[in-house]
Amino acid sequence: HLARFSVPNPLTWGAAAVPAASQVHLTTLKDAADKPLRGANQVDSEGLAVTDTGFLISFERDHRLVELVKTGEGYQSQKGPSLSGFDGLESNGGMEALTRLPNGQFLAAAEYGPDRLGDPAAKLKAPYWIFDQASKAVTAPLGTFENQGRFGITDIRVLDQDVWVL
């Protein structure tokens, strides 16, 4: 589910009691057949990025992007931009981080690189993709981030013109 709720200004949270949230609005994430997502392979969501029409959500296990488009009643799930290059990625080490870049494109990264028969060097090279929201052509990885040690990528953010990778 995607949850939306309003809370008081976060800058005042330390000044008083714990803030009370307003009503929580849930959006059920659905598959192409308009059925709610079920099971670990479908629901392992990782990243959330704002688009011009709603959100993109990245998923591991079944590595993919789902687009939520705002409608009058809430949000409609649909297939997101098509990415390739997931061969050899671990089920729970794939499409992890997602952010919107200042130019309107999106940057997504896997947590780890391909597990090439236990080759530790390959696993440290996590693929990343840069793509447009409306792109229907399959986008292959643009390059790789080199992880240090056994630490994988878990998040990406943009602040001013700098890209921060966690």
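Numbering of residues begins at 1 and proceeds along the displayed sequence.
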Quiz item: What residues, two or more places apart in sequence or in another chain, satisfy ring pair (Phe, Tyr, Trp, His ring centres under 6.0 Å) together with F86?
Solution: H63, W129
Exercise. List for me each residue that meets salt bridge (Lys or Arg N to Asp or Glu O under 4.0 Å) alongside D34, sequence neighbours excluded, and say none if there are none.
Key: K30
Exercise. Would you check if I153 and Y128 make a side-chain contact, meaning some heavy-atom pair closer than 4.5 Å?
Key: no
Quiz item: Does L68 reach the side chain of I57, with side-chain heavy atoms less than 4.5 Å apart?
Solution: yes
Quiz item: Are any non-hydrogen side-chain atoms of V165 and V163 less than 4.5 angstrom apart?
Solution: yes
Exercise. Give a yes or no on whether V66 and L48 share a hydrophobic cluster (residues Ile, Leu, Val, Met, Phe, Trp, Tyr; joining criterion: side-chain heavy atoms under 4.5 Å apart).
Key: yes
Quiz prompt | CA sep, side-chain torsions, deciding dist, call: Q133, T53, side-chain hydrogen bond (donor to acceptor under 3.5 Å, both in side chains) | solution = CA-CA 10 Å; Q133 176 185 350; T53 56; 3.0 Å; yes
Quiz prompt | Partner residues of D62 under the side-chain hydrogen bond (donor to acceptor under 3.5 Å, both in side chains) criterion, sequence neighbours left out | solution = none
Quiz item: Considering residues at least two apart in sequence or located in another chain, which fulfil the side-chain hydrogen bond (donor to acceptor under 3.5 Å, both in side chains) criterion with R61?
Solution: D44
Self-check item: Partners passing side-chain hydrogen bond (donor to acceptor under 3.5 Å, both in side chains) against K70 (at least two apart in sequence or in another chain)
Solution: none
Exercise. Please write out which residues are connected to L159 in a hydrophobic cluster, directly or through intermediates, given that two of Ile, Leu, Val, Met, Phe, Trp, Tyr count as joined at side-chain heavy-atom separations below 4.5 angstrom.
Key: W164
Quiz item: Less than 4.5 Å apart, any side-chain heavy atom of L65 and any of F131?
Solution: yes
Quiz prompt | All side-chain hydrogen bond (donor to acceptor under 3.5 Å, both in side chains) counterparts of T154, not counting sequence neighbours | solution = none
Exercise. Please write out which residues are connected to L166 in a hydrophobic cluster, directly or through intermediates, given that two of Ile, Leu, Val, Met, Phe, Trp, Tyr count as joined at side-chain heavy-atom separations below 4.5 angstrom.
Key: none
Quiz item: Within the distance-only criterion (no hydrogens, no angle test), does the side chain of R64 pair as donor or acceptor with the backbone N or O of S82 below 3.5 angstrom?
Solution: no
Practice problem: Please name all residues satisfying salt bridge (Lys or Arg N to Asp or Glu O under 4.0 Å) with D155, sequence neighbours left out, ordered by chain then number. | Solution: R157
Quiz item: Can you list the residues that meet the side-chain contact (heavy atoms from CB on, under 4.5 Å) rule with Q148, with sequence neighbours excluded?
Solution: E146
Side-chain polar contacts of residues 90-105 - donor-acceptor pairs under 3.5 angstrom, sequence neighbours left out - could you list them?
{"from": "E90", "atom 1": "OE2", "to": "K123", "atom 2": "NZ", "distance (Å)": "2.4"}
{"from": "R100", "atom 1": "NH1", "to": "V50", "atom 2": "O", "distance (Å)": "3.4"}
{"from": "R100", "atom 1": "NH1", "to": "D52", "atom 2": "OD1", "distance (Å)": "3.2"}
{"from": "R100", "atom 1": "NH2", "to": "D52", "atom 2": "OD1", "distance (Å)": "3.0"}
{"from": "N103", "atom 1": "OD1", "to": "Q105", "atom 2": "N", "distance (Å)": "2.9"}
{"from": "N103", "atom 1": "ND2", "to": "Q105", "atom 2": "OE1", "distance (Å)": "3.0"}
{"from": "Q105", "atom 1": "NE2", "to": "D132", "atom 2": "OD1", "distance (Å)": "3.3"}

Quiz item: Are L83 and V138 close enough, and set up right, to give a side-chain contact (heavy atoms from CB on, under 4.5 Å), and what steps lead you there?
Solution: CA-CA 5 Å; L83 305 180; V138 174; over 6 Å; no
Quiz item: Would you say P127 and L89 make side-chain contact, with heavy atoms under 4.5 Å?
Solution: yes
Practice problem: List the steps and the verdict of side-chain contact (heavy atoms from CB on, under 4.5 Å) for T27 and R4. | Solution: CA-CA 8 Å; T27 297; R4 176 180 54 89; over 6 Å; no
Exercise. Scan residues 27-61 for pairs that pass ring pair (Phe, Tyr, Trp, His ring centres under 6.0 Å), counting only residues two or more places apart or in two chains.
Key: F55-Y75
Practice problem: Heavy atoms only: give me the nearest L56-P81 pair and the separation to one decimal. | Solution: CD2-CD, 3.7 Å
Quiz item: Mind checking whether D31 and P36 have side chains closer than 4.5 Å, heavy atoms only?
Solution: no
Quiz item: Can you check whether L29 reaches H1 side chain to side chain, under 4.5 Å on heavy atoms?
Solution: no
